[in-house]
Amino acid sequence: MIIDFRARPPTAAFNAYFQPELVAAFGKRMGAKSVSQAYLDGSVEGFIAEMALAGVDYAVALGRNSPAVVSGDLTLPACAIPNEEIVDLQTGHPDQIIGFAGIDVSDHLHNALEEIDTFVVGGPLKGVFLEPQRALD
């Protein structure tokens with residue numbers, strides 16, 4: 001069984017943060033021969049087909065609720081991939097997508113415990129994704 005544990009299905013929210021042209025440029029710089037055509041096309045159905053072709057059984061789609069953070073000269077913009085969108089992905093592709101809720105542990109973007117209760121404890125998502133380094137004081 002092969003599980004892609006940090007998948008980025010090409011939905012509008014994923015592609016808004018992980019911009020295809022930037023991902024393609026970074027990929028080329030890092031030696032990638034190509035970038036997923038489904039990703040460039042913004043096609044979730046194409047993404048699912050590419051998973052099957054590559055022998056990937058499951059993709060874990062991670063919600064993101066990350067405040068912007070500045071560290072020296074580096075600025076990471078805020079990223080919001082709503083947990084509702086992850087629910088939709090998992091519901092639409094239950095045999096391929098495993099959804100994890102993106103949680104802002106600093107409670108600036110939502111109440112972390114309520115979000116976990118709604119989407120994981122009392123909801124369909126299977127776990128939580130935290131980026132504690134992105135938490136605001």
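Residue numbers count from 1 along this sequence. What's counted below: heavy atoms across the whole structure, side chains too, no hydrogens, waters or symmetry copies.
Side chains of Thr11 and Leu89 form a contact here, defined as non-hydrogen atoms less than 4.5 Å apart. Considering only heavy atoms from C-beta on, Glu85 stays 4.5 Å or farther from Arg64 through its side chain. At a threshold of 4.5 Å between non-hydrogen side-chain atoms, the residues Leu62 and Ile86 do not count as touching. In this structure, Ser66 and Asp104 have side chains that are not in contact, with every pair of non-hydrogen atoms separated by 4.5 Å or more. Side-chain contact between Pro9 and Tyr39 is absent, with no heavy-atom pair separated by less than 4.5 Å. Residues Ile97 and Ile48 meet the side-chain proximity criterion, which asks for heavy atoms closer than 4.5 Å.
Phe100 and Val44 fall into different hydrophobic clusters, where Ile, Leu, Val, Met, Phe, Trp and Tyr residues are linked whenever their side-chain heavy atoms come under 4.5 Å apart, directly or through other members. One hydrophobic cluster holds both Val23 and Phe14 under the rule that ILVMFWY side chains link at heavy-atom gaps under 4.5 Å. Ile81 and Val105 fall within a single hydrophobic cluster, where Ile, Leu, Val, Met, Phe, Trp and Tyr side chains are chained together by heavy-atom contacts under 4.5 Å. If you chain together hydrophobic residues whose side chains sit under 4.5 Å apart, Val121 and Phe119 fall into the same group. No continuous path of hydrophobic side-chain contacts links Val87 to Ile98 [ILVMFWY only; heavy atoms under 4.5 Å].
A donor-acceptor pair is defined here as one N or O able to donate and one able to accept, closer than 3.5 Å; no such pair exists between the side chain of Asn65 and the backbone of Ala80. Not one N or O on the side chain of Asn83 forms a donor-acceptor pair closer than 3.5 Å with the backbone of Glu115. Asp107 places no side-chain N or O within 3.5 Å of a backbone atom of Asn111 that could act as its donor or acceptor partner. Between the side chain of Ser71 and the backbone N or O of Leu74 there is no donor-acceptor pair closer than 3.5 Å. Put simply, the side chain of Glu50 gets close to the backbone of Ala38: a donor and an acceptor are under 3.5 Å apart. Panel note: side chain His110, backbone Ile103; no donor-acceptor pair is recorded below 3.5 Å.
Considering CG of Asp88 and NE2 of His93, their distance stands at 10.0 Å, rounded to 0.5 Å. Here the CD-CG distance, from Gln90 to Asp95, works out to 11.0 Å after rounding to the nearest 0.5 Å. Note that the CG atom of Leu22 and the CG atom of Asn15 stand 11.0 Å from one another [nearest 0.5 Å]. Separating the OG atom in Ser34 from the NZ atom in Lys28 is a distance of 11.5 Å, to the nearest 0.5 Å.
Other residues, nucleotides and ligands contribute at most 12 non-hydrogen atoms within 6.0 Å of the OH atom of Tyr58.
Nearest heavy atom pair, residue Pro67 against residue Leu109, reads N-CD1, 3.8 Å.
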